[in-house]
Amino acid sequence: MVSMSFETLMAKKKELGRPLIMGHRGAMGTAPENTMASFKQAVALGVEAVELDVHLSKDGRLVVIHDESVDRTTDGTGEVADLTLAELKALDAGSWFDAKFAGERIPTLEEVLAWAKDVVPVVIEVKFNRHIEQIVQATVMEVERLGAAGNVAVISFDHNVSFGVKSLRPDWMSGVLYVGRLVDPVGLAQASKANGLLPMWGMLTPDQVEKAHAAGLWVGVWAPNTEAELKHAIAMGADMIGTNYPARAHALFDAAKAGA
Ligand code: G3P
Ligand code: CA
């Protein structure tokens with residue numbers, strides 16, 4: 001299994017002869033995002049990592065959900081931070097996507113990490129919101145308690161998250177998310193103590209990848225989903241492709257191999 005260090009990620013890329021695939025919120029194009037069904041489907045589709053989003057419940061438990069509220073992805077309403085774990089667990093997180101996923105629950109980070117051990121690395125996105133300091137602290141404690149540090153990378157659009165995690169745990173892996181054509185992405189990673197750069201797919205250029213590699217940084221893009229977007233991300237030289245549709249990425253790699 002790949003760890004999120006530059007060396008192991010690049011070695012895996014070389015071995016596979018293609019970028020790694022990261023299942024975005026699992027396989028959110030074909031399963032309800034951030035559920036166990038989504039993560040398991042992503043693994044069945046052959047991803048090398050899964051990405052998820054974390055928030056804190058009212059009673060201080062880390063739960064895996066993208067939005068600050070449960071409205072879009074469950075049959076409930078309200079802010080995650082105003083609901084207890086028991087209240088969150090009572091919600092259906094699958095039916096909104098498709099009736100065949102009825103009964104899916106919002107997972108805890110603990111549940112996902114326990115399942116992912118020896119199965120797939122987990123890229124944990126700490127969402128930027130007013131509870132972010134508590135979420136970072138809780139995430140570090142939870143990952144440590146579960147002995148999962150070697151199987152995760154912590155990422156965020158809030159680059160203080162990488163800085164904070166690496167200041168506490170220098171050996172852990174982290175990344176910085178961004179949208180934009182930065183003048184100095186390597187400088188950003190260094191200031192944030194990050195191991196990886198995670199630009200929005202359309203922002204990547206080959207010279208950024210070259211400079212990142214020279215500085216010992218991997219580059220993962222999010223979230224090219226159409227065939228054209230995926231082809232662009234691959235052509236730009238991304239090391240890891242975070243997509244909603246892992247099967248589409250595999251189809252492109254297979255076609256490229258067959259044509260070679
Ligand atoms: O992996 C990064 C990506 O997930 C960031 O955007 O909104 O899908 O969490 P979002
Ligand atoms: Ca995310």
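One-based numbering, in listed order, for ligands and for the atoms of each.
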Among all the protein's non-hydrogen atoms, which is closest to [atom], and how far away is it?
atom: atom 2 (C) of ligand 1; value: Leu177 CD2, 3.3 Å
atom: atom 3 (C) of ligand 1; value: His24 NE2, 3.4 Å
atom: atom 5 (C) of ligand 1; value: Glu125 OE1, 3.4 Å
atom: atom 10 (P) of ligand 1; value: His66 NE2, 3.3 Å

Checklist entry - In terms of side-chain geometry, is the basic nitrogen of Lys58 or Glu87 positioned less than 4.0 Å from the acidic oxygen of its partner? => result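 Salt bridge flag = no for Glu87 with Lys58.
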
Checklist entry - Are Glu48 and Arg18 within salt-bridge range, i.e. N to O under 4.0 Å? => result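 Arg18 and Glu48: salt-bridged.
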
Checklist entry - Would you say Glu125's side chain and Ile155's backbone share a donor-acceptor pair under 3.5 angstrom? => result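 Here the side-chain-to-backbone pair does not exist.
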
Next on the checklist: Check contact between Met200 and ligand 1, using heavy atoms of the residue and a distance below 4.0 angstrom.
Outcome noted: no

Next on the checklist: With a cutoff of 4.0 Å, is Leu198 in contact with ligand 1, counting heavy atoms of the residue only?
Outcome noted: no

Checklist outcome for this item: Note: Leu45 and Ala247 closest approach over all heavy atoms is CD2-CB, 4.2 Å

Checklist entry - Trp201 and His232: aromatic ring centres closer than 6.0 Å? => result yes

Residue [X] vicinity, atoms of ligand 1 by number, heavy atom under 4.0 Å:
X: Lys127; answer: 7 (O), 9 (O), 10 (P)
X: Arg25; answer: 7 (O), 8 (O), 10 (P)
X: Phe157; answer: 5 (C), 6 (O)
X: Asp53; answer: 9 (O)
X: Glu51; answer: 1 (O), 2 (C), 3 (C), 4 (O)

Item to check | For the Ca ion (ligand 2), every protein N/O/S atom that sits closer than 3.0 Å, waters excluded | outcome: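 Counting only protein N, O or S atoms under 3.0 Å from the Ca ion (ligand 2), the list reads Glu51 OE2, Asp53 OD1, Glu125 OE1.
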
Can you confirm whether the side chains of [X] and [Y] place a donor and an acceptor under 3.5 Å from each other?
X: Ser57; Y: Asp59; result: yes
X: Asn225; Y: Thr243; result: yes
X: Asp207; Y: Thr205; result: yes
X: Ser162; Y: Ser174; result: yes

Checklist entry - In terms of the angle between their ring planes, are Tyr178 and His159 parallel, tilted or perpendicular, with boundaries placed at 30° and 60°? => result perpendicular

Item to check | Atom CZ of Phe6 with >12 non-hydrogen neighbours under 6.0 angstrom | outcome: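 Counting other residues, nucleotides and ligands, CZ of Phe6 exceeds 12 neighbours.
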
